[in-house]
Structures are given as structure tokens and as C-alpha cells.
Amino acid sequence: MAVRLLQATMRVEHRLIVALDVTDGGRARSIARAVRDRVDALKVNWPLVLAAGPGIVKELATLAYVLCDFKVADIPNMSRLIVERAVAAGASGVICHGFAGEDSVRACVEAAGRSDVFVVTELSHPGGQEYTAKFAEDFARSAVRAGAAGIIAPATRPERVRVLRTIVGTKLILAPGVGAQGGRAADAIAAGADAVIVGRSIIESADPAHAVEGVLAEIKGPRAT
Ligand code: O7M
């Protein structure tokens with residue numbers, strides 16, 4: 001089967017993706033407008049889509065790269081249908097789970113066309129160590145074989161990001177778990193992540209744009225001018 005040779009569509013410049021984990025479309029729009037110039041993507045998950053409707057994806061896509069975090073994990077036919085709908089709704093990237101198997105990941109990549117697919121390896125919360133960690137390296141290998149744009153790896157365990165980087169080479173690594181879950185953006189980037197994914201510590205801030213600047217300063221570290 002053909003391996004997708006296209007480069008990732010996502011351009012990583014700021015090294016920060018904001019997770020719009022809110023259930024109010026108005027709040028999502030207002031955060032998106034406030035941060036869009038300083039982040040690489042807006043990540044949208046089920047709570048927002050279920051509350052505001054799929055039209056919110058198209059709307060946000062006029063402002064920034066929208067990464068639909070639908071954590072697709074079904075048989076290939078269903079995975080394909082979900083990814084096709086996400087892309088039609090305006091997603092530039094879609095997230096799927098590695099544990100559904102390489103055939104399902106491959107179906108996602110094929111359905112995504114020119115949009116990116118990112119594969120979850122090891123989940124960032126404590127329970128992620130129970131099962132996903134045991135197979136994270138296999139998930140990363142199958143993501144590479146299936147032609148995914150990159151993987152999701154835990155900022156809460158930078159040492160795991162370091163190991164997964166040796167497997168995925170130049171594929172993108174996006175690392176959630178910064179702030180509310182205890183991870184540090186600078187540690188995840190130093191371990192080899194291309195970008196961090198941050199939700200609550202930005203979206204629950206009274207001034208999300210200011211909170212974004214705080215994360216960006218941490219990523220740049222002491223070398224920042
Ligand atoms: O910063 P938080 O903790 O408020 O939010 C973290 C976001 O990252 C939230 O949207 C989660 O769905 C997501 N995430 C994790 O927290 N851990 C993971 O292991 C994987 C993800 C994720 O983005 O998967 C694609």
C-alpha cells in the first residue's frame with residue numbers, strides 16, 4: 001500500500017497549540033481571535049463540537065489551522081468516515097489513536113488527503129501508564145509506517161518524548177500535559193517535542209493572550225531576548 005510522502009501541512013513556528021476545551025462557541029471564538037497570531041493551531045475536541053455544532057470547525061478554520069482532536073479509534077471504515085467528515089468540516093489536521101491498529105491509522109491517513117493525521121501514543125495522565133505506555137513505541141512505529149504527519153506524546157513525561165523522538169525521526173511530536181497536568185513546556189521542547197498543546201492554563205485565564213505569552217516565554221527560555 002502506498003505510503004504518504006507529503007510533508008505535514010502544519011507549520012510549527014510558535015511551538016504552541018491551544019486546546020479550545022470550552023463548550024461555549026462565543027468563548028471559543030473570542031479566545032481564538034485573541035491568540036491566533038501567536039499559536040500554530042487551535043485544537044478542537046468533542047465538547048465544543050457537540051455544544052456549538054460542526055460549523056464551529058469551519059468558522060475557526062478561517063482564523064487558523066484547526067486540529068480536530070476526535071481521537072478516532074474504530075474499524076478502518078468508520079475511521080475513514082469520521083476523518084472525511086472532519087476534513088469536509090474544515091479540519092487541517094485530525095487526531096486518531098494508535099491502539100486501534102495500523103490499518104485504522106492508515107485509513108485515517110488516506111481519508112485525510114492533504115490534511116495531517118496525528119497519532120496518540122502514550123496518554124499524558126497517570127492512567128496513560130497503565131496500558132498506552134506499554135505499546136507507545138509500537139504506536140509510534142506504526143504512525144511512521146502509515147504516513148502520519150506526527151504523534152502525540154506526553155509532556156508530563158519528557159523522558160518518554162525523548163525515546164519516541166528516536167523512533168519518529170523528523171515527524172512532528174505534539175506534547176500535551178503542560179500546566180494543569182503538571183508538565184513544563186520547556187522540558188517537553190528540550191526533550192524533542194516540536195510543539196506543546198495547552199488547554200486550561202490558557203483558556204481558563206482571564207487574559208488568554210497574556211497566558212499564551214507566558215508559555216511562549218517559557219519555551220524560548222533564558223535565551224529569549
Ligand atoms: O492543558 P490541559 O490539561 O487543560 O488540556 C490538555 C489537552 O490535551 C486536552 O485537550 C486533552 O484532550 C489533550 N491531551 C492530553 O491532555 N493528553 C494526551 O495524552 C493527549 C491529548 C491530546 O491532545 O490528544 C490528541
Side-chain angles (χ1 to χ4, degrees), residues 8 10 12 15-23 27-28 31-32 35 39-51 56-57 60 65-73 79 82-83 86 91-100 104-105 108 112 115-136 139-140 143 148-161 164 168 171-185 187-188 191 193-205 208 211-212 214-216 218-219:
M10 182 183 283
V12 176
R15 314 192 79 169
L16 174 59
I17 293 165
V18 169
L20 285 178
D21 295 335
V22 293
T23 52
R27 175 84 180 138
I31 297 170
V35 306
V39 303
D40 297 310
L42 303 169
K43 187 172 82 70
V44 171
N45 205 323
W46 289 116
L48 178 58
V49 173
L50 293 173
I56 192 74
V57 174
L60 294 172
Y65 179 114
V66 173
L67 179 55
C68 276
D69 180 6
F70 291 162
K71 293 205 176 65
V72 183
S79 297
I82 296 167
V83 172
S92 289
V94 184
I95 293 171
C96 71
H97 265 297
F99 69 70
S104 285
V105 173
C108 291
S115 294
D116 297 322
V117 170
F118 292 90
V119 179
V120 178
T121 57
E122 175 176 329
L123 287 161
S124 60
H125 67 309
Q129 287 180 287
E130 218 173 317
Y131 301 112
T132 58
K134 293 175 182 146
F135 296 98
F139 299 156
I151 61 165
I152 311 290
T156 46
R157 291 175 222 110
E159 70 285 3
R160 297 293 294 146
V161 173
L164 293 163
V168 301
K171 298 275 181 192
L172 294 176
I173 298 184
L174 312 180
V178 166
Q181 295 180 53
R184 288 189 66 248
D187 293 344
D194 293 287
V196 291
I197 296 173
V198 183
R200 285 165 288 181
S201 51
I202 291 174
I203 61 172
E204 290 179 359
S205 162
V212 160
V215 180
L216 292 176
E218 193 204 311
I219 289 171

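Note that this is a predicted model, so its numbers are computed, not measured. All ligand and atom numbering here is 1-based and tracks the order in the structure.
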E122 (side chain) donor-acceptor with A153 (main chain) under 3.5 angstrom: no
Residues with a heavy atom under 4.0 Å from ligand 1, by chain and number, are A19, D21, K43, N45, D69, K71, I95, V120, L123, S124, I152, P176, V178, Q181, I197, V198, G199, R200
Which heavy atom of V117 sits nearest to which heavy atom of C108, and what is that distance? CG2-O, 3.6 Å
Restricting to side chain to side chain donor-acceptor pair (under 3.5 Å), what partner residues turn up for Q181, sequence neighbours left out? S124
Step-by-step side chain to side chain contact (heavy atoms under 4.5 Å, CB included) determination, V72 to S104: CA-CA 9 Å; V72 183; S104 285; over 6 Å; no
Is there a side-chain contact between N45 and K43 in this structure, where contact means two heavy atoms from C-beta onward sitting under 4.5 Å apart? yes
How long is the straight-line distance from CG of L16 back to CG of L174, given to the nearest 0.5 Å? 11.0 Å
